[in-house]
Peer 1: 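I have a structure I would like to understand better, so I am pasting it below and will then ask my questions one at a time.
We use all heavy atoms of the structure for the numbers below, so side chains are in, but hydrogens, waters and symmetry mates are not. The shown structure was predicted, so the numbers you read here are calculated from the model rather than taken from an experiment. In the text below, chain A, chain B and the rest are named by the order of the sequence lines, each starting its count at 1.
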2 protein chains.
Amino acid sequence: MTTIEDVARLAGLSRTTVSRVINNHPYVSKGKKKQVLDAMDKLGYVPNSAARSLRNQRTGVIAVLIPRVMNPFFSQLIEILETAASEKDYQLIICQTQYSKKKELAYLNLLKTRQVDGVILTSMANEWKTIAPFLEYGPIILCNEYDEQASVPMVFIDQFEAGYSATKHLIEQGHERIAYCCGKYTSNVADAREEGFKKALAEANLPFLEEYAFRSAFQSADGKQVFYDIQEMIEKPTAIFTGSDELAAGIISEAKKKGWRIPEDLAVVGFDNQMITELMDPMITTIHQPLEEMGSKAIAVILEKIHTKNYSHKEIHQFYMNLIVRESTVARKLVSL
Amino acid sequence: MTTIEDVARLAGLSRTTVSRVINNHPYVSKGKKKQVLDAMDKLGYVPNSAARSLRNQRTGVIAVLIPRVMNPFFSQLIEILETAASEKDYQLIICQTQYSKKKELAYLNLLKTRQVDGVILTSMANEWKTIAPFLEYGPIILCNEYDEQASVPMVFIDQFEAGYSATKHLIEQGHERIAYCCGKYTSNVADAREEGFKKALAEANLPFLEEYAFRSAFQSADGKQVFYDIQEMIEKPTAIFTGSDELAAGIISEAKKKGWRIPEDLAVVGFDNQMITELMDPMITTIHQPLEEMGSKAIAVILEKIHTKNYSHKEIHQFYMNLIVRESTVARKLVSL
DNA sequence: CTGAAAGCGCTAACAC
DNA sequence: GTGTTAGCGCTTTCAG
């Protein structure tokens, strides 16, 4: 392993001067700078990052805690965060919590061990008061999550509005029996959606029926089950609002296999505007989130926190979504193209 | 920040003893061990990982180089690798190369800077001879990729057989004009598939037609374009072998929109057995890879390399895939359930 | 069984 | 402009 010492020796200069060149400090004469650069080049020298971290008390790494990488929504978020971070010369380390409180805490420990400069939580398994103590060791921000209690920056979309506008759209199509189907993992997120859903119903004087509420559906496989449950009902809903596109796709796919027509027999709204919404037949009406903007904002915000070292400060960065109407809610001939 | 020194002071012992407790060394008396543990507990002490890395010359981190996180195949692979690594107390850092040679090299530098103990390449943008020099700094293995030249462990499936069996299946359905559609990014992978494809054709005395070969299609959007190209042909293929399920889904979705019947007008084979194969209508015939096994093997192999420090040694760990026949190649009533 | 001391590779006062 | 030196927090000889 070649060290700064080797470079200094070969260049006939001190470690300090070499260090100054590495870090682009001023006050190094042109000639010596070149000597250093040449020596570094000849030796193929690269600074040891553990030594730098130890010395500088910073790592250049940010941890992103994510429930599951395979969830397309989250993998898209990772991609965006990674791109934004790498522009700022920060590495991301991806940590899968699998919705486990224990794993989440284990990964928050990265902050304590100084393995990372900050943590981005994209979902919260623990309560805020359990997480708060980690703020002593570095910044934590929420991206795609909201918590009333949390005293940190939060980047998220208005889930209430999302639930509201999707439901309103269904009501405008003449539906009166509308089911609600949304996983409860991102706790507060799901709650806000449900509030929006309820508000739209209330405005139209429609009742919220508990038997039409499915609150533990996450993936496409769960969508299948939801469809079976609906199929068993005496008085079936004619439309359903779902918390993710895969869920919607699962319901649609299974419904079609059983001979249901979409949207005539069941109108379905997805969430996230993933690729699959345009591949399915019918194409899925969904909610589009401005993920790119959210991702860039999240990185900008956490870097700012890292630099200012003021971690405990509530900040709201709210974004707006929009409804994209496709065939799964509006009979094909009526879709505006 | 609380250090080992603080713990030692509070426990009334030396740093050495504390270190011994942390690292579970023998020869620490029960009483003193308890004193140390109590002090650590009281201070909420956690060892600084940069200091440990510097001292131990190991980081406990492995880099996974991946073209794009959003590609469901790769995100599935990440999930599996992450799970396997975390069982062994290793962190994964996910690096998106975006198929760029430059980015790939930049990330290989993590090995030089000692930020990671090893690198898993899931795809190669550069030639092996460009990558080889990095072996001086730590182990590199290929997972899901193969290279004749590479002198390192390689974990992959028999892509030749995959291409062969999928094509043979199409031929058995009576097809004589079969198109080939596979992105070329994972260079050797695609080549092997193509060889298998050609062999199956040759065995059936069918010609390989260059105009039926699409070699730069990756995502579902590319699938659309491929379909348009096919639509323009005078003599259209009646079946198509594709390199990914999204590609297949893109083709099917677009074909249906133009009124084609699948598989009657065009039979389609996907690759990877992703979720989407069962959501589409028709469900997609595809190739299933034993990804779990590959991922576990990859982690086991790289950990072994990290420990033995013998990096330059070719090892073949080949896995077998199997064809899953669904509706996109066999008319619905004939699918065996 | 326990501790003193050296040093992993790097950077930043501080002197000159 | 440049060099000397003192650590960052940890582990590991080596000596007792």
Peer 1: Can you measure B/Leu54 atom CG to D/dC8 atom C1' for me and round it to whole angstrom units?
Peer 2: 9 Å
Peer 1: Please tell me if the side chains of B/Tyr90 and B/Ile299 come closer than 4.5 Å, counting only heavy atoms from C-beta onward.
Peer 2: no
Peer 1: Under 4.0 Å between a Lys/Arg side-chain N and an Asp/Glu carboxylate O for A/Asp38 and A/Lys42?
Peer 2: no
Peer 1: Using atom NZ of B/Lys34 as one end and atom P of C/dC1 as the other, report the distance to the nearest whole Å.
Peer 2: 18 Å
Peer 1: Walk me through whether A/Val301 and A/His317 qualify under side-chain contact (heavy atoms from CB on, under 4.5 Å).
Peer 2: CA-CA 10 Å; A/Val301 166; A/His317 301 279; 3.7 Å; yes
Peer 1: I want to verify a distance call: between D/dG3, C/dT11, D/dG1, whose nearest atom is closest to the A/Ile22 side chain?
Peer 2: C/dT11
Peer 1: So, is B/Ser29 close to the C/dT2 phosphate, meaning a side-chain N or O under 4.0 Å from OP1 or OP2?
Peer 2: yes
Peer 1: Taking only N and O in the side chain of A/Tyr45, is any of them less than 4.0 Å away from OP1 or OP2 of C/dC10?
Peer 2: yes
Peer 1: Can you find a side chain N or O atom of A/Gln57 that sits less than 4.0 Å from OP1 or OP2 on C/dT11?
Peer 2: no
Peer 1: To the nearest angstrom, how far is A/Tyr27 atom OH from D/dG3 atom C1'?
Peer 2: 17 Å
Peer 1: Rounded to 10°, tell me the angle between the two end axes of the helix from C/dC1-D/dG16 to C/dC16-D/dG1, each built from five pairs.
Peer 2: 40°
Peer 1: Measure from CD1 on B/Ile4 to P on C/dA5 and round the result to the nearest Å.
Peer 2: 17 Å
Peer 1: Taking side-chain contact (heavy atoms from CB on, under 4.5 Å) as the criterion, tell me which of B/Leu110, B/Thr122, B/Val119, B/Ile120 meets it with B/Leu65.
Peer 2: B/Val119
Peer 1: Nearest-Å distance, CZ (A/Arg52) to C1' (C/dC8)?
Peer 2: 16 Å
Peer 1: Are any of B/Ser14's side-chain N or O atoms less than 4.0 Å away from OP1 or OP2 of C/dG3?
Peer 2: yes
Peer 1: Sorted by first residue and then second, give each side chain to side chain donor-acceptor pair (under 3.5 Å) pair with at least one member in residues 298-307 of chain B; sequence neighbours left out.
Peer 2: B/Lys305-B/Glu315
Peer 1: What is the distance from CZ of B/Arg9 to P of C/dG3, rounded to the nearest Å?
Peer 2: 15 Å
Peer 1: Does any N or O in the side chain of A/Asn23 come within less than 3.5 Å of the main-chain N or O of A/His25, such that one atom is a donor and the other an acceptor?
Peer 2: no
Peer 1: Rounded to the nearest Å, what distance is computed from the CZ atom of residue B/Arg58 to the C1' atom of nucleotide D/dT11?
Peer 2: 13 Å
Peer 1: Give the minimum heavy-atom separation between B/Leu81 and B/Gly295, together with the two atoms involved.
Peer 2: CD2-O, 3.6 Å
Peer 1: What nitrogen or oxygen pairs link the protein and nucleotides 12-16 of chain C at under 3.5 Å?
Peer 2:
from: C/dA12; atom 1: O4'; to: A/Arg55; atom 2: NH2; distance (Å): 3.3
from: C/dA12; atom 1: N6; to: A/Thr16; atom 2: OG1; distance (Å): 3.1

Peer 1: Using atom CD of A/Gln35 as one end and atom P of D/dG1 as the other, report the distance to the nearest whole Å.
Peer 2: 14 Å
Peer 1: At under 4.0 Å between heavy atoms, what does B/Pro26 touch on the DNA or RNA strands: base, sugar-phosphate, or nothing?
Peer 2: nothing
Peer 1: Under 3.5 Å, side chain of B/Asn48 to main-chain N/O of B/Ala50, donor-acceptor pair present?
Peer 2: yes
Peer 1: Which atom pair, heavy atoms only, marks the closest approach of B/Met294 to B/Cys143?
Peer 2: O-SG, 4.4 Å
Peer 1: Nearest to the side chain of A/Asn48, heavy atoms from C-beta on, is which of D/dC8, D/dG3, C/dC10?
Peer 2: C/dC10
Peer 1: Is there a side-chain contact between B/Lys32 and the phosphate of C/dC1, meaning an N or O under 4.0 Å from OP1 or OP2?
Peer 2: no
Peer 1: Could you tell me if the side chain of A/Gln35 sits less than 4.5 Å from the side chain of A/Leu13, heavy atoms only?
Peer 2: yes
